Amino acid sequence: MEKKRLIIAIDGPSGAGKSTVGRALAKRLGYLYMDTGAMYRAVSLKAEEKGIEPWDEPALSRLVSSIHIAFVARDEETRILCNGEDITEAIRSPEISRLASDISKSRVVRKALVGMQKEMGKKKGVILDGRDIGTVVFPDADVKFYLDADPEERGRRRYRELFEKGMEVDFKKTLQEVIERDRNDMNRSLSPLKRAHDAVLIDSTNRSVEEVVEEMYRVVVEKRRWSEVDYR
Ligand code: DC
């Protein structure tokens with residue numbers, strides 16, 4: 001019997017490891033992986049290029065209706081294209097992280113991106129990572145995870161990531177930015193980051209990627225088994 005294909009939501013603060021474990025879990029399950037944060041980053045990059053402020057709703061509305069975001073698999077990795085332009089690296093700077101947190105408060109931006117995410121998720125067999133996946137985008141997701149880690153640990157991971165990309169970074173500043181961004185994402189009025197009541201909480205502090213992925217995989221297999229039981 002073919003296994004039921006599920007919609008899996010992974011939410012949590014920045015640096016908790018959502019994209020690393022999300023990618024690994026998707027590979028193991030043969031699922032599609034979608035980094036929804038990259039979509040907010042893509043809009044932010046284009047807004048910055050055009051000099052649009054995060055509170056300018058009419059300009060943001062025109063912007064989101066003029067851009068097309070696509071995830072394409074290339075050489076074993078996923079590239080992010082915006083109107084055909086490869087922006088995978090450009091969206092990872094600290095400036096775009098800050099801006100994305102502000103632009104994600106916009107009603108028109110959220111409405112447009114959530115619409116695209118719902119469309120992409122329809123295919124099933126998909127893992128989406130973000131802040132509002134289990135609460136707003138797919139409140140009926142088959143499996144929901146809330147991935148967390150200590151702020152210090154998340155700051156260290158972010159620092160390492162930027163350092164390895166050759167950027168000049170300061171640990172204290174990076175930690176401060178991570179804390180600041182979480183506060184912003186958790187306290188905004190529209191779709192703030194919070195744990196869905198039915199999300200499985202996983203703390204990745206002091207745990208390897210493999211351990212976390214293994215735990216998530218077991219939860220998924222168990223859920224899938226139950227969802228395939230015929231109660232008639
Ligand atoms: O996951 P990330 O750090 O790449 O996300 C960048 C910003 O986008 C984050 O600070 C909040 C916002 N975001 C959001 O509001 N909703 C999502 N589903 C994903 C990201």
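Computed from a predicted structure; not experimentally measured. When a ligand or atom number is given, it counts from 1 through the structure's own listing order.
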(Q) Is it true that, when you exclude Arg79 itself, more than 12 heavy atoms of the residues, nucleotides or ligands shown sit nearer than 6.0 Å to its CZ? (A) yes

Q) Do the side-chain N and O atoms of Asn184 and Ser101 include a donor-acceptor pair separated by under 3.5 angstrom? A) yes

Q) Would you say the side-chain atoms of Ser104 and Arg188 include a donor-acceptor pair closer than 3.5 Å? A) yes

(Q) For Ser204 and Arg157: C-alpha separation, side-chain torsions, deciding distance, then whether side chain to side chain donor-acceptor pair (under 3.5 Å) applies. (A) CA-CA 11 Å; Ser204 70; Arg157 289 179 192 165; 3.1 Å; yes

Q.
In this structure, would Ile179 and Leu193 fall into the same cluster of hydrophobic residues linked by side-chain contacts under 4.5 Å?
A. no

**Q.** Within the 4.0 Å heavy-atom sphere of ligand 1, strictly under, residues
**A.** Thr36, Gly37, Tyr40, Arg41, Arg92, Ala100, Ser101, Ser104, Arg110, Gly130, Arg131, Asp132, Arg181, Asp185, Arg188

**Q.** Short N-O contact, Lys173 and Glu180, less than 4.0 angstrom
**A.** no

